[in-house]
Visitor: 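Here's a structure for you.
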Number of protein chains: 4
Amino acid sequence: MPKIVNKTEKREQLVQAAIPIFAKFGFRDTKMSDIAIHADVGKGTLYEYFPSKDELFLHAFRVWFSYFAEQMQEIMETEKDPRRQILSFYTQYFATIESYRDMYQIYFDFWSELTRNPLLNKQDISDVYQSLRDLFTGILEDGIERKIFRSMDAQVTSVAMIAMADGLLLQWLIEPAAFSIKDLGGVAMTSYINGLC
Amino acid sequence: MPKIVNKTEKREQLVQAAIPIFAKFGFRDTKMSDIAIHADVGKGTLYEYFPSKDELFLHAFRVWFSYFAEQMQEIMETEKDPRRQILSFYTQYFATIESYRDMYQIYFDFWSELTRNPLLNKQDISDVYQSLRDLFTGILEDGIERKIFRSMDAQVTSVAMIAMADGLLLQWLIEPAAFSIKDLGGVAMTSYINGLC
Amino acid sequence: MPKIVNKTEKREQLVQAAIPIFAKFGFRDTKMSDIAIHADVGKGTLYEYFPSKDELFLHAFRVWFSYFAEQMQEIMETEKDPRRQILSFYTQYFATIESYRDMYQIYFDFWSELTRNPLLNKQDISDVYQSLRDLFTGILEDGIERKIFRSMDAQVTSVAMIAMADGLLLQWLIEPAAFSIKDLGGVAMTSYINGLC
Amino acid sequence: MPKIVNKTEKREQLVQAAIPIFAKFGFRDTKMSDIAIHADVGKGTLYEYFPSKDELFLHAFRVWFSYFAEQMQEIMETEKDPRRQILSFYTQYFATIESYRDMYQIYFDFWSELTRNPLLNKQDISDVYQSLRDLFTGILEDGIERKIFRSMDAQVTSVAMIAMADGLLLQWLIEPAAFSIKDLGGVAMTSYINGLC
DNA sequence: GATGAATGAGAGTTCATTCAT
DNA sequence: GATGAATGAACTCTCATTCAT
């Protein structure tokens, strides 16, 4: 009887093993053999589950952002006030980042590959930012209608809000000692959102 | 007598040729031979001017940010109003970015290597962000004193302001079609700075 | 399951393939690709077994002299008369050399690298000559005590004896047509040893 | 008026500068640029005097052995006793070696290239050893006739004598700390020659 | 005549991928 | 299904040689 393996589950495991390696060394400097060792499988096994290094990275991206979206979704459903929806999400987000800093270095590679790797130009991937912008635009428009936010260009503001969060993350990843993303990030986002009322 | 060349000038030329290649392919995927072809010199010539690919990239970084600092300096001296100092700089900055988008992709690699490449841990390099934060903090504190800005935590605000600009750049580099950095960036920064008054 | 290979055995095979190439072209002019072709493996395979060209050469050195030492040991145990111990060894040695002349060209590189390559300064390697001198000194002193040899400075004589054999090899390697190392070498060594009685 | 240069003299100078570099690094690891620096000329200048690195090395060889032959010749003319002819030469030879050890490392390369470099197979070069053997054979035969030496095979003995001297040099170059070539070499050669009487 | 800036063939080495076991 | 030994294309870097000045 052949060993029964849940293919999907094992893929997941392998991706989980790959992420910290990609994060540590960067996509191009990560060796498949490193991932194999870290995942405690043979190099060949990786190729049983992913046709190439690129695809493995793509999958990491997908897993990562589906988790991101899930978190987002959860907050959306829990919080009803639009200010709290945005703020709660980022508060939680920055707290997570601060705890798993080493993992978040992978953003450098997501960002970089997103613009340069044809594989990551697949529709479902390259839309990540557009979806987020749409989501925030919706929240903002809803808040404006409900007189929670003052009148403004919701599209511009959603871009700016995402920019602020990304920029904080970026700056912190480059020099984590410079400030606490959890603390400073919370203050900055709160202040920004308050300015929208 | 051999051809007389201005070594410094030629280094400059080679870096200028290297930047768009680094920007296009990313540091790790850029081949020295690509740069050589683009610079219209032999591969060996690159090594006459830079001891390694790493050092060439480092030099690109230095050249880039010294130019950045120069621009900054110029604006500082021209403008006297702190709001205008910040705004003028970013207006000009975003305009430049929009014209040379392909070159600015190199930021992905500056960011990424800044955290992972021991070469870029040299003091003068890794201080880039700290210097910028200090500069903005100074401007803000000056503005607060002069009652141009309302009372605020200047350090947090300087981090946030840089974050906003970087985040806009980042988002735009990933998907330039989504918005015009010149236009939207201008609006967003103006709005942010107005909120500080 | 992947192919099961005896790593040690394969290393041995690769070294055996490398030796004649090193011998033919010299260490510096031997290309890893030549060795790979000769060993009928891919270039990469060499690097599975040796971390560098230097280390491959070092291993060749070790293999070579451990074989030399083995032969020596065997003769020591078979022959009891000190004259025969030395003579039998060199008779056999010169006979081997004459049959494998092309291989012995590698001595030029052992000699040369021994003085210039820091890799070969490892204790076990650079002691090759000292061990041989000690061995011969022992044999000679034993022979003097047993009145087989006349009284003499055993240390000087052991140096001289090794010198004679090396010098014969050297001269013959440079111009094999000039004489037969087997014949002339046998006569010369016999005559030299007889002069010690 | 063009600068008047004695071409032959300058060639000589350049070779003299090249020899210690070849000796230090070995032929293959010696860079033309190193020689140029050491000779205090431009790289291009070397090529004005020698068509290639190989030819420069060839010339070094020729200069070296013509000097060797000169010394030899001088002793031959000064000394009349065949024992003294041989002994005086080697005494002087070993003394020189001990003083210029670093230069004599070049022998590894002479030896090695002599068998492998087609350039050094030119008749006048590869005959170096044959000429020396002929010379010694003549001296020995003369001595035998004059009853200074006992009856022996002069050809075999000349090979052996050269072997002894070369072997001593070789052993000493590899491990100069092991003994003094001047002292031990003198004793060994004297003892060997005395054995021929 | 003298030079050294420029060159590119070719070296050692790496690593994503394959496939026999 | 799992593996890691084998591979070679492709990389960075070197250096003998050339030639414009």
Side-chain angles (χ1 to χ4, degrees), chain A residues 1-5 7 10 28-37 40-56, chain B residues 1-7 10 28-37 39-56, chain C residues 1-7 10 28-37 39-56, chain D residues 1-5 7 10 28-37 40-56:
Chain A
M1 266 230 321
K3 208 189 287 185
I4 287 160
V5 186
K7 270 243 166 195
K10 182 117 189 201
R28 299 293 154 181
D29 280 354
T30 291
K31 292 169 237 162
M32 287 300 264
S33 59
D34 288 343
I35 298 175
I37 289 164
D40 205 30
V41 297
K43 239 181 314 162
T45 306
L46 291 178
Y47 285 88
E48 289 290 319
Y49 292 90
F50 303 96
S52 69
K53 185 183 170 187
D54 274 10
E55 289 283 350
L56 172 52
Chain B
M1 290 282 275
K3 202 197 287 189
I4 286 155
V5 293
N6 183 328
K7 278 245 167 194
K10 182 125 190 197
R28 300 294 160 182
D29 279 355
T30 290
K31 288 165 264 163
M32 288 300 262
S33 59
D34 290 341
I35 297 175
I37 289 164
D40 204 32
V41 297
K43 228 179 335 146
T45 304
L46 292 179
Y47 286 89
E48 289 286 320
Y49 292 88
F50 302 96
S52 69
K53 186 184 169 186
D54 274 8
E55 289 284 349
L56 173 51
Chain C
M1 291 280 276
K3 201 197 288 190
I4 285 155
V5 293
N6 183 326
K7 277 244 167 194
K10 181 124 189 198
R28 300 294 160 181
D29 279 355
T30 291
K31 290 165 262 164
M32 288 301 262
S33 60
D34 290 340
I35 297 175
I37 289 164
D40 204 29
V41 297
K43 229 174 341 143
T45 304
L46 292 179
Y47 286 88
E48 288 287 317
Y49 292 89
F50 302 95
S52 69
K53 185 184 170 188
D54 274 9
E55 289 283 348
L56 173 50
Chain D
M1 263 223 329
K3 206 189 290 184
I4 287 160
V5 187
K7 268 243 167 198
K10 182 118 190 200
R28 299 293 155 182
D29 280 355
T30 290
K31 291 168 240 162
M32 287 300 264
S33 59
D34 289 342
I35 297 174
I37 289 163
D40 205 31
V41 297
K43 239 181 316 160
T45 307
L46 292 179
Y47 285 88
E48 289 289 320
Y49 292 89
F50 302 97
S52 69
K53 186 183 170 188
D54 274 10
E55 290 283 350
L56 173 52

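These numbers were taken from a predicted model, which means no experiment stands behind them. Chain identifiers are assigned alphabetically (A, B, ...) following the order of the sequence lines, protein sequences preceding nucleic acid strands; residue numbering begins at 1 within each chain.
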Visitor: Taking NZ from D:Lys7 and C1' from E:dA2, how many angstroms apart are they, rounded to a whole number?
Guide: 11 Å
Visitor: Just verifying a value: how many Å separate C:Met32 CE and C:Thr45 OG1, rounded to the nearest 0.5 Å?
Guide: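 Between C:Met32 CE and C:Thr45 OG1, I get 10.5 Å after rounding to 0.5 Å.
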Visitor: How does each nucleotide of nucleotides 12-18 of chain F score, in 5' to 3' order, for protein heavy atoms under 4.0 Å: base (B), sugar-phosphate only (S), or none (-)?
Guide: SBBSSBB
Visitor: Output yes when a side-chain donor or acceptor of B:Lys53 lies under 3.5 Å from a complementary backbone atom of B:Thr30, and no otherwise.
Guide: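 It does hold such a pair.
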Visitor: NA contact type, B:Tyr49, heavy-atom cut-off 4.0 Å: base, sugar-phosphate, or nothing?
Guide: sugar-phosphate
Visitor: Between NZ of A:Lys43 and CG of A:Asp34, what distance do you get to the nearest 0.5 Å?
Guide: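 Reported value, rounded in 0.5 Å steps: 10.5 Å.
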Visitor: Roughly how far, to the nearest 0.5 Å, is the CD1 atom of A:Ile35 from the CG atom of A:Leu56?
Guide: 5.0 Å
Visitor: As an exercise, state the distance from CD of B:Glu48 to NZ of B:Lys7, rounded to the nearest 0.5 Å.
Guide: 5.5 Å
Visitor: What pairs with C:Asp29 under side-chain contact (heavy atoms from CB on, under 4.5 Å), at least two apart in sequence or on another chain?
Guide: C:Phe25, D:Arg28
Visitor: Which one is paired to F:dC13, where only Watson-Crick or G-U wobble pairs with both distances under 3.5 angstrom count?
Guide: E:dG10
Visitor: At under 4.0 Å, does any side-chain N or O of D:Lys10 touch on OP1 or OP2 of E:dA2?
Guide: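 Result: yes.
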Visitor: Just the rounded figure in Å: distance from P of F:dG8 to CG of C:Leu46.
Guide: 12 Å
